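Written below as structure tokens is the structure these notes are about.
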Amino acid sequence: RCPREEACVGGLEVCNPKYTGYMCRECVAGYYSDSDKRCRKCPSQAYVPLVMFFMLLVAIAFGVVGLTAYAHVQFDSDEDVRKSQRQRKIPHSFTLAIVFFQILGMVGNQQFNWPSSVSRTLAATNVVNLDVNIFASECSLVSFDGKYLVSILYPLMFMGAVCVALVLFKLLRASLPWCTQTFPDLPLVQLLERIVFLMGSLLYIPLSRSSLLLFDCVKLPDGKFYLDADLGRRCYDSAWFTLMPWGMLAVLVYIVAVPVYFGFTLFRHRHELFQPAVLARYGSIYRLYRVRFYYFELVQLFKRLVVVFCSLFVSNHQTWLVALLLAVFLTSAFAQLRYEPYYHPIYNTLEIQLNVIISVVVMLGFVFYADLFKRAWSRQAFIGLTLAVIFGSLVLVIATMVVEIRSILKQVTGQAQFIHDVRVQRFWRVVEHEAPDWSDPSLRHQLMEVKSHFIADEQASKAEFERR
């Protein structure tokens, strides 16, 4: 069958005007190969989108530096750890939403025979993947080689912009009083380390995908291997082997080194995770999880790597791809439901919901791939359902972020210190639910007495705070 959708209009020999070559696998001059393997027309000023991409990187770098410094929580004593170890300044639901839309973008790139309206909607989510194809990079960089090098080396430019932003941040902090009060004075090394923890997790999907693209080759009927991402590019020729060292380096740095560094840091400090100095420096990668799941960020990275691997190397075997993706997302949803690794229940709930939504989108993609619609209205109904699921997920994410922001504002204003610990609340709910069935009524009465004293102390503290 035709390796590119829409390319072959008269068998494998007659090509759409935008395509050329054997099996219509190449784009004609003036067109570039997009992430969904379609040839799209280059913009009139091809360099403008690429310049916009680099400007976006610089803007993100400055924003990340500011947010990282602002989100820092200083722990000077064990009492600070007790009061603020779970404190949040930035909504974590925003991070979960970014990862969700990154995965949704990859699902949209799969050859599921998506309707055009659904395809355009899913393609829009690739913005959070920092996909260089969105910016028509091949038009200004001429070849796949240049595009690939940009896709794996742009983190270096990002880190360069981060270093510039850090220097400017230090200068601003020294000269502006409001900046001194809002942002803590942190060593540059610690700020860089926190940014690596943040961006290493957020960019793990796009960087893993960019690194592995070079090794995703398919064999066509002519007996030769071509890149699955760009069928106009041969594999295993001299040009491919020239790029291979860069690809191997990217795999080692982005796919291997990041989780190894995370794991080494967690393992080295596993017995002192809530010591003030350790929590202040490394807490961003584990303090949102319950104590016994301090390593769960590594599980999340592994899940993302499996999704990337499936989306690349199983992309031409749709039945297996759907089965594997469903196994990953449904297993993840079950694990979240069963073990509740996050300390705050809102994150466990959101993770479960997003995993289920992605599973539904994958199943709908398989429905379109099978294309067994008997009537036009049934196809339109499924298109409407798919769009409703996608936009419904956006509403869900925004609603969760609003709830979390309100919770954070309560922390900032001091109201949250009188709201019981969420895990304590859950404990008392379980006690109230189970206690009537206990065979020892004295134990129930003792626990209820402890609870009444606990609530009385909290109310007294709140009244004292309000008198001040």
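Model, not experiment: these values are computed from the prediction.
Remark: Lys41 qualifies as a cation-pi partner of Tyr31 under the 6.0 Å distance and 45° angle criteria applied to the six-membered ring.
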Trace of the ring-ring contact (aromatic ring centres under 6.0 Å, His included) decision for Tyr343 with Tyr289: CA-CA 5 Å; Tyr343 176 82; Tyr289 300 107; over 10 Å; no
Steps toward side-chain contact (heavy atoms from CB on, under 4.5 Å) verdict (Ser284, Leu198): CA-CA 8 Å; Ser284 59; Leu198 172 64; over 6 Å; no
Residue pair Phe293, Val299: steps toward the side-chain contact (heavy atoms from CB on, under 4.5 Å) verdict: CA-CA 10 Å; Phe293 295 111; Val299 177; over 6 Å; no
Candidate pair Glu351 and Gln300, rule side chain to side chain donor-acceptor pair (under 3.5 Å), full reasoning: CA-CA 11 Å; Glu351 277 272 20; Gln300 298 282 55; 2.7 Å; yes
Derivation of the side-chain contact (heavy atoms from CB on, under 4.5 Å) call for Asn129 and Phe101: CA-CA 8 Å; Asn129 272 319; Phe101 287 116; over 6 Å; no
Stepwise side-chain contact (heavy atoms from CB on, under 4.5 Å) check, Met159 with Tyr154: CA-CA 9 Å; Met159 292 307 296; Tyr154 75 75; over 6 Å; no
Worked verdict on Tyr282 versus Glu272 for side chain to side chain donor-acceptor pair (under 3.5 Å): CA-CA 11 Å; Tyr282 304 113; Glu272 50 185 14; over 6 Å; no
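The backbone N or O of Phe112 lies less than 3.5 Å from no partner atom in the side chain of Gln318, so there is not a single donor-acceptor pair. Looking only at distances, no side-chain donor or acceptor of Tyr286 sits under 3.5 Å from a matching main-chain atom of Tyr295. Using a distance-only test at 3.5 Å, with no hydrogens or angles considered, a donor-acceptor pair links the side chain of Ser359 to the main chain of Asn355. Judged by distance alone, with hydrogens and angles left aside, the side-chain atoms of Ser315 form a donor-acceptor pair with the main-chain N or O of Leu312 at under 3.5 Å. Here the side chain of Asn348 pairs a donor or acceptor atom with the backbone of Tyr342 at under 3.5 angstrom. Side-chain atoms of Ser151 come within 3.5 Å of backbone atoms of Tyr148 as a donor-acceptor pair (strictly under, hydrogens ignored). Looking only at distances, a side-chain donor or acceptor of Trp240 sits under 3.5 Å from a matching main-chain atom of Leu214. A donor-acceptor distance shorter than 3.5 angstrom exists from the side chain of Arg290 to the backbone of Tyr339, with no hydrogens or angles considered.
The side-chain heavy atoms of Lys18 and Cys27, taken from C-beta on, include no pair separated by under 4.5 Å. No side-chain heavy atom of Tyr347 sits less than 4.5 Å from a side-chain heavy atom of Gln336. Contact of the Thr121 side chain with the Leu387 side chain is registered, since non-hydrogen atoms from C-beta on lie closer than 4.5 Å.
Here salt bridge (Lys or Arg N to Asp or Glu O under 4.0 Å) pairs that include residues 230-247, with residues two or more places apart or in two chains, are Arg4-Asp230, Asp145-Arg233, Arg233-Asp237. Within the structure, salt bridge (Lys or Arg N to Asp or Glu O under 4.0 Å) contacts touching residues 330-345 (residues at least two apart or in different chains) are Glu340-Arg423, Glu340-Arg426. Here side-chain hydrogen bond (donor to acceptor under 3.5 Å, both in side chains) pairs that include residues 389-403, with residues two or more places apart or in two chains, number zero. Applying the side-chain hydrogen bond (donor to acceptor under 3.5 Å, both in side chains) rule to pairs touching residues 205-214 yields nothing, sequence neighbours excluded.
Between the CD atom of Gln353 and the OG1 atom of Thr349 there is a distance of 6.0 Å, given to the nearest 0.5 Å. Taken from CD1 in Ile285 to CZ in Phe296, the straight-line distance is 14.5 Å, to the nearest 0.5 Å. Once rounded to the nearest 0.5 Å, the distance linking CG of Leu321 with CG of Asn316 reads 9.5 Å. Note that CE of Met106 is 8.5 Å distant from CD1 of Ile358, once rounded to the nearest 0.5 Å.
The shortest heavy-atom contact between Val258 and Gly200 is CG1-O, 4.0 Å. Between Leu213 and Ala229, the closest heavy-atom pair is CD2-CB, 3.4 Å. Pairing each heavy atom of Ala335 with each of Pro341, the nearest pair is O-CD, 4.3 Å. Listed here is the closest heavy atom pair of Gly365 and Trp114: CA-CH2, 3.3 Å. Smallest separation of non-hydrogen atoms from Ile103 and Val307: CG2-CG1, 4.2 Å. Residue Leu57 comes nearest to Phe158 through the heavy atom pair O-CD1, 3.8 Å, listed as atom of the first residue, atom of the second, then distance.
Contacts of Tyr254 classified as ring pair (Phe, Tyr, Trp, His ring centres under 6.0 Å), with partners at least two apart in sequence or in another chain: none. With sequence neighbours excluded, no residue forms a disulfide bond (SG atoms under 2.5 Å apart) with Cys310. In this structure Thr95 satisfies the side-chain contact (heavy atoms from CB on, under 4.5 Å) test together with His92, Leu202, sequence neighbours excluded. By the side-chain hydrogen bond (donor to acceptor under 3.5 Å, both in side chains) test, Ser311 pairs with no residue at all, sequence neighbours left out. For Phe100, there are no ring pair (Phe, Tyr, Trp, His ring centres under 6.0 Å) partners two or more places apart in sequence or in a different chain. Residues satisfying the ring pair (Phe, Tyr, Trp, His ring centres under 6.0 Å) test with Phe309, not counting sequence neighbours, are Phe313. Applying the ring pair (Phe, Tyr, Trp, His ring centres under 6.0 Å) criterion to Tyr19, with sequence neighbours excluded, gives no partner residue. Every side-chain hydrogen bond (donor to acceptor under 3.5 Å, both in side chains) that Ser93 has, sequence neighbours left out, goes to Glu404.
The local environment of CZ in Phe94 is sparse, with at most 12 non-hydrogen atoms from other residues, nucleotides or ligands closer than 6.0 Å. The environment of CZ in Phe241 is crowded: more than 12 heavy-atom neighbours from other residues, nucleotides or ligands sit within 6.0 Å. Heavy-atom contacts from other residues, nucleotides or ligands closer than 6.0 Å to CE of Met363 number more than 12.
Each of Val389, Ile390, Ile383 was scored for a side-chain contact (heavy atoms from CB on, under 4.5 Å) with Thr386, with one residue passing: Ile390.
Side-chain polar atoms of Glu297 and Ser201 form a donor-acceptor pair below 3.5 angstrom.
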